[in-house]
Amino acid sequence: MKLDFWQYTHDPLEKVVVLIAKRVLGEGARLVVVSGDAEQRGTISRALWQAGPDSFLANGEAGAAGAERQPILLSDTPQALNGADHLILADGVFRDCPGFARVFLLFPPEAAPAARQAWSAQDGHADIERAYFAQENGRWVKKR
C-alpha cells in the first residue's frame with residue numbers, strides 16, 4: 001500500500017481533496033473520502049460538485065441510496081462500499097485502512113505531531129510505501 005502524508009498550508013482542505021480526486025478519477029479509479037465531521041464532509045461535497053467551470057466530480061454519502069455507484073464516496077469510516085481502492089483521510093485522523101492500494105492522510109500544520117506518530121507507527125511494515133508532501137510557494141513538493 002502507498003501511504004501519502006499531505007501537509008496543507010496554503011490551500012483549504014477541500015481544494016486539496018478536489019486536486020487528489022481529479023487525479024484518482026483520471027486514472028479510472030474510485031475514491032472514498034473519510035471525515036468524522038459531517039459538516040466537513042458537506043463542505044468537501046460542495047467543492048467536488050463545483051470542481052471547475054465545465055466539470056464536477058460526482059459524489060455521495062455512504063448512507064445514501066446508490067452509494068455503491070458513486071465514483072467518490074464520502075463517509076465517516078474507511079469502507080469501500082463503492083469498490084474504491086483509493087482513500088483520503090480528510091479529517092487528519094489516521095486509521096488502519098486494509099484493502100486500499102493508496103491512502104492519503106491530509107493534515108494542517110497543527111496536526112503534524114499526530115501525523116509524525118502515524119508515520120513512525122508504520123516503521124517495519126515492508127508492505128507500506130510512505131511519502132510526505134508539503135506545499136511550497138503554492139506547489140506540492142515530495143519531501144520523502
Side-chain angles (χ1 to χ4, degrees), residues 1-119 121-122 125 127-144:
M1 171 180 76
K2 289 186 175 185
L3 177 56
D4 292 345
F5 292 75
W6 286 46
Q7 183 176 350
Y8 59 93
T9 53
H10 297 291
D11 294 330
L13 169 69
E14 60 273 14
K15 185 173 179 182
V16 179
V17 171
V18 167
L19 171 73
I20 294 170
K22 284 182 178 180
R23 290 180 183 175
V24 168
L25 268 58
E27 296 170 358
R30 289 180 169 231
L31 177 67
V32 175
V33 179
V34 173
S35 174
D37 182 339
E39 186 175 325
Q40 185 179 59
R41 289 193 312 271
T43 300
I44 291 168
S45 178
R46 286 187 295 280
L48 290 165
W49 281 110
Q50 301 166 356
D54 299 321
S55 67
F56 63 90
L57 298 171
N59 66 89
E61 279 281 337
E68 71 282 353
R69 295 189 311 267
Q70 294 295 335
I72 302 171
L73 192 62
L74 303 168
S75 181
D76 61 352
T77 61
Q79 295 179 329
L81 302 175
N82 63 344
D85 63 355
H86 286 66
L87 173 72
I88 295 176
L89 299 171
D91 58 7
V93 177
F94 182 77
R95 301 156 177 87
D96 285 324
C97 312
F100 288 94
R102 191 164 188 182
V103 176
F104 302 86
L105 175 65
L106 309 184
F107 62 96
E110 59 270 15
R116 276 193 289 279
Q117 283 183 318
W119 176 283
Q122 307 312 309
H125 293 134
D127 59 332
I128 297 178
E129 178 185 333
R130 294 173 288 184
Y132 169 71
F133 296 84
Q135 285 186 297
E136 290 182 3
N137 300 319
R139 296 183 48 155
W140 287 97
V141 178
K142 184 176 182 178
K143 296 292 194 171
R144 297 188 203 188

Where do H10 and G138 come nearest, in terms of heavy atoms and distance? CD2-N, 3.7 Å
Note, F133 side chain near V16 side chain (heavy atom, < 4.5 Å): no
Taking all non-hydrogen atoms of both residues into account, name the closest pair between V18 and A47 and its distance. CG2-O, 3.6 Å
How far apart are the closest heavy atoms of L89 and L87, and which atoms are they? CD2-CD2, 3.9 Å
We want to know whether Q135 and D11 form a side-chain donor-acceptor pair, criterion being a heavy-atom distance below 3.5 angstrom. yes
About how many Å separate CG of L13 and NZ of K15, when rounded to the nearest 0.5 Å? 12.5 Å
Would you mind reporting whether F94 and L3 have side-chain heavy atoms less than 4.5 Å apart? yes
Do other residues, nucleotides or ligands put more than 12 heavy atoms under 6.0 Å from the CD atom of E39? no
Indicate yes or no: at least one non-hydrogen side-chain atom of K143 is less than 4.5 angstrom from one of Q7. no
Nearest 0.5 Å, please: how far is CD1 in I88 from CD1 in I44? 8.0 Å
Would you give me the side-chain donor-acceptor pairs under 3.5 Å for residues 101-109, sequence neighbours excluded?
residue, atom, partner, partner atom, Å
R102, NE, D4, OD2, 2.8
R102, NH2, D4, OD2, 2.4

How close do S75 and V32 get, counting heavy atoms only, and between which atoms? CB-CG1, 4.4 Å
Euclidean distance, L19 CG relative to W6 CH2, rounded to 0.5 Å: 5.0 Å
For D127, does the CG atom have more than 12 heavy-atom neighbours from other residues, nucleotides or ligands under 6.0 Å away? yes
Strictly under 6.0 Å, is that where the ring centroids of W119 and Y132 end up? no
Could you grab the distance from atom CD1 of I72 to atom NE2 of H86, nearest 0.5 Å is fine? 12.0 Å
Show me the side-chain donor-acceptor pairs of residues 60-70 shorter than 3.5 Å, one per line, residues at least two apart or across chains.
residue, atom, partner, partner atom, Å
E61, OE1, R41, NE, 3.3
E61, OE2, R41, NE, 3.2

If you compare all heavy atoms of S45 against all heavy atoms of L74, which two are closest, and at what distance to 0.1 Å? CB-CD1, 3.4 Å
Closest non-hydrogen atom pair between L31 and N82, with its separation: O-ND2, 3.2 Å
Within the distance-only criterion (no hydrogens, no angle test), does the side chain of R95 pair as donor or acceptor with the backbone N or O of V93 below 3.5 angstrom? yes
